[in-house]
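So the structure is just underneath, and the comments pick up after that.
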Amino acid sequence: MDNKIVAIEQHDTAVNLHGLMQVLSKHLYSTPMVALRELVQNAHDAIVRRRLEEGDSSFTPEIRVTGNPQNKTITIYDSGAGLTKQEIHEFLATVGIGYTRQLRQEDDDTGLIGMFGLGFLSSFVLAQQVVVHTTSWKTPQEGWVYRSDNGETYRIESALPREPGFTVTLNLKDEFSYLADNPLLETLLGRYCVLMREPLFVGQSETAVNHLSPPWRRDSDSAVVLHPGLRQKQNIEFASRFERTFTPICTIDITPSGKSDVVGILWIQDGATYGTSDNRNLSLFLRGMLLDDQAHDLLPLWAGFVGGVVESNVLTPTANREDLQRDDAYFATQHALAEGLIKGLGELAKNQPAIWRRVLLRHNEALLGAAICDERLFDLLKDDLLIPTSKGEIPVRSLRQQNTLLVMPGEESSFEEMLFRLSGRPVALGHRYAVIPFLRRWATLYSARLIEIGTTGGNQSLFSCHEISQQEEQWWREQLADDEECVISRFEPAVLPFVVVPNREVELKQRLEQDDADRRMSTAALMLARQFTQRISEQSDKQLYINFNNPAIKALSASWQNGKNTDVACQLLKSMKVILSFQLQRSGPNDFHQALDNINQIIMTQFLANKGEQ
């Protein structure tokens, strides 16, 4: 076989500059307002660079953003390092190469923000023309003007030198001309830049939009130790700037922990929450600039009543700086926030009982769910939370009677509500959020017995079996039962002759076997559920428990055994069963109407019979 020489060619990948600019300048950011943040961020980094490179901090750091509605322009000025002519070519006019990134790669503790070399490109999201005037501290005798209409081509011309710095003027596109309004700019930049370290002014204002120092910097920068009450008041005032829906009840400090550098404050909202309410509200600042004011995924799922503002220097943003990469730093931050919140709740319960009572009152149901998510939270909350019951919300220790806890998994309008209303004993409402798993854990911890009524095991604990002959059992079935399974039993209160009990396990099986259950549940979850329901025998979805503690039932049993006529009494009981079932929403209006009519007829017949005897 002949050996052939194969020619291998290597080529550089071609770049369609026009297409790339269209993607980057028009589709990189979710909102065009982000472009303002990027330009202010560049101005911030220019000031930091000048301080680092020039080694002279005597200059006055300033960033000023000014809108001109008449000219439809926005100007962003900074007193930073400026750019030389060569730096304009290398950094300003080259996509993906940033001077800041080079410096951060050498030393990432400088306070610089930028990373990707894409920030200036955002100018073309808003502007039909961008004009830059700049003088570098390195060449103070030179001034330069950069002009571009689309970012693909540009012109550079010499100009009279200015004080070192950088001024970019955006000649706004018509659809963005409304942004050249200084009050609007102050609102937008006050949101994005409130934690930025270099002073930012809007229009002719002499007050920086970021003049307030956040609590965690205030504590580290000041030698004065504030009284805890005053410190908490100032924290709440700061938190109120970020919590737009609720008023913070109290705040919890977040400090660096483990592999996370995140600092900030979390707060408990004053709005009452249900178990599944999710009002998590977290503003995340990265190196002083707002990255995401909807970063609630960093908070635990159970913390639906928590807001916060935090900042980090090590989290990694996506290229458009509107989200975070899910890397080790991200998950370390999640862990740190959860740990800080749990620790803070514990300190709150220990040191501020009055505020802790408010937290429990507002978020009792949500905290039930939180307690089953973490052993430390359960230990903190287990004896303070209230359990919704048939007698209102009560502490779990009040639910415990004779070392037994009763819980009904179904809705309130069920036999359990009627049964325990008569007995006077509270029973937990198991259909409410997190009640059953919380009680299971509590019962295990305190060696108590938990009876889940409506399940096979729960009913066996509640209703004792009573033995009668097969013939009598068949007779009772014929007299009182319809489509229910008839169970001869004894239970309290004795005043109740019977109850119609829904079989919760059969109800669950029926729901899971519906076609639409397959669409709502994942395959794995459905398989696990069916492993349980396959063990449920084919039973009626209702059971009729006849109570042989009841005097009327015992009298009827004796009458049947003595061969006496019991038809009238049995008709009354069956009508009573229908009425009770109707009250519990387990019989239809026609059955209810017929039952009432039967009772009327029986009373009238008996009255007329007695009158005839007289």
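If you're wondering where the values come from, they're calculated on a predicted model, not measured in any experiment. This chain uses plain numbering: 1 for the first residue, then up along the sequence.
- Remark: F378 pairs with F438 by the ring-ring contact (aromatic ring centres under 6.0 Å, His included) rule, at least two apart or across chains.
- A distance-only check finds no donor-acceptor pair linking the side chain of H363 to the backbone of L360 [under 3.5 Å].
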Under 3.5 Å, which donor-acceptor pairs do the side chains of residues 177-188 form with other protein atoms, sequence neighbours left out?
from	atom 1	to	atom 2	distance (Å)
S177	OG	D174	O	3.0
D181	OD2	L184	N	3.0
N182	OD1	G67	N	2.8
N182	ND2	G67	O	3.4
T187	OG1	P183	O	3.1

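- A side-chain contact (heavy atoms from CB on, under 4.5 Å) with C193 is found for exactly one of L200, L36, V202, namely L200.
- The salt bridge (charged side-chain N to carboxylate O under 4.0 Å, His left out) pairs that include a residue from residues 339-354 are E339-R376, where partners are two or more places apart or lie in different chains.
- Scanning for salt bridge (Lys or Arg N to Asp or Glu O under 4.0 Å) contacts around D297 gives an empty result, with sequence neighbours left out.
- The residues E311 and R217 are annotated as salt-bridged, a charged nitrogen and a carboxylate oxygen being separated by less than 4.0 angstrom.
- The closest side-chain heavy-atom distance from D374 to I342 is below 4.5 Å.
- Contacts of W302 classified as side chain to side chain donor-acceptor pair (under 3.5 Å), with partners at least two apart in sequence or in another chain: none.
- The neighbour count for D328 CG, taken as heavy atoms of other residues, nucleotides or ligands under 6.0 Å away, does not exceed 12.
- Residues in residues 355-367 take part in these salt bridge (charged side-chain N to carboxylate O under 4.0 Å, His left out) pairs, two or more places apart or across chains: E365-R432.
- Scored by the ring-ring contact (aromatic ring centres under 6.0 Å, His included) test, Y192 finds no partners at all (sequence neighbours excluded).
- Using a 4.5 Å heavy-atom cutoff, the side chains of L172 and Q128 are not in contact.
- In this structure, L380 and A349 approach most closely via the heavy-atom pair CD1-CB, 3.7 Å.
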Test V65 against L39 for side-chain contact (heavy atoms from CB on, under 4.5 Å), laying out the working first. CA-CA 10 Å; V65 180; L39 293 172; over 6 Å; no
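- Between R231 and D253 there is a salt bridge, with a side-chain nitrogen of the basic residue lying less than 4.0 Å from a carboxylate oxygen of the acidic one.
- By the salt bridge (Lys or Arg N to Asp or Glu O under 4.0 Å) test, E157 pairs with R147, sequence neighbours left out.
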Would you list the atom pairs, donor with acceptor, under 3.5 Å between side chains in residues 254-266 and any protein atom, with sequence neighbours excluded?
from	atom 1	to	atom 2	distance (Å)
S260	OG	V262	N	3.2
D261	OD1	S312	OG	2.7
D261	OD2	N313	N	2.8

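- Between N235 atom CG and T251 atom OG1 the span is 4.0 Å, to the nearest 0.5 Å.
- Side-chain contact between V132 and Y154: absent, with no pair of heavy atoms (C-beta onward) separated by less than 4.5 Å.
- Looking at residues two or more places apart in sequence or on another chain, you find a side chain to side chain donor-acceptor pair (under 3.5 Å) between E54 and R50.
- Environment of CD in E163: sparse, with no more than 12 heavy atoms of neighbouring residues, nucleotides or ligands closer than 6.0 Å.
- A donor-acceptor contact closer than 3.5 angstrom is absent between the side chains of N68 and T73.
- Of the listed residues (D292, L298, T333), just one forms a side-chain contact (heavy atoms from CB on, under 4.5 Å) with L324, and that residue is L298.
- A salt bridge links E62 with R64: at least one charged nitrogen is closer than 4.0 Å to a carboxylate oxygen.
- When atom types are taken as modelled, the side chain of S205 and the backbone of T207 share a donor-acceptor pair closer than 3.5 angstrom.
- Looking at L195 and M289, their side chains never come closer than 4.5 Å, going by heavy atoms from C-beta outward.
- With Q269 contributing its side chain and N279 its backbone, the two residues share a donor-acceptor pair below 3.5 Å.
- Residues that satisfy the ring-ring contact (aromatic ring centres under 6.0 Å, His included) test with F166, not counting sequence neighbours, are absent from this structure.
- Counting only heavy atoms from C-beta outward, the side chains of V131 and H133 approach each other to under 4.5 Å.
- Side-chain atoms of T135 come within 3.5 Å of backbone N or O of R162 as a donor-acceptor pair.
- The shortest distance between side-chain heavy atoms of I268 and W356 does not fall below 4.5 Å.
- Side-chain contact between V309 and W267 is present, with at least one heavy-atom pair separated by less than 4.5 Å.
- Not one N or O on the side chain of T84 forms a donor-acceptor pair closer than 3.5 Å with the backbone of S136.
- Atom CG of D270 and atom OG1 of T247 lie 4.5 Å apart (nearest 0.5 Å).
- The list of salt bridge (charged side-chain N to carboxylate O under 4.0 Å, His left out) pairs with a residue in residues 272-286, not counting sequence neighbours, reads D278-R280.
- Annotation: side chain of W144 is in contact with side chain of I88 (closest heavy-atom distance under 4.5 Å).
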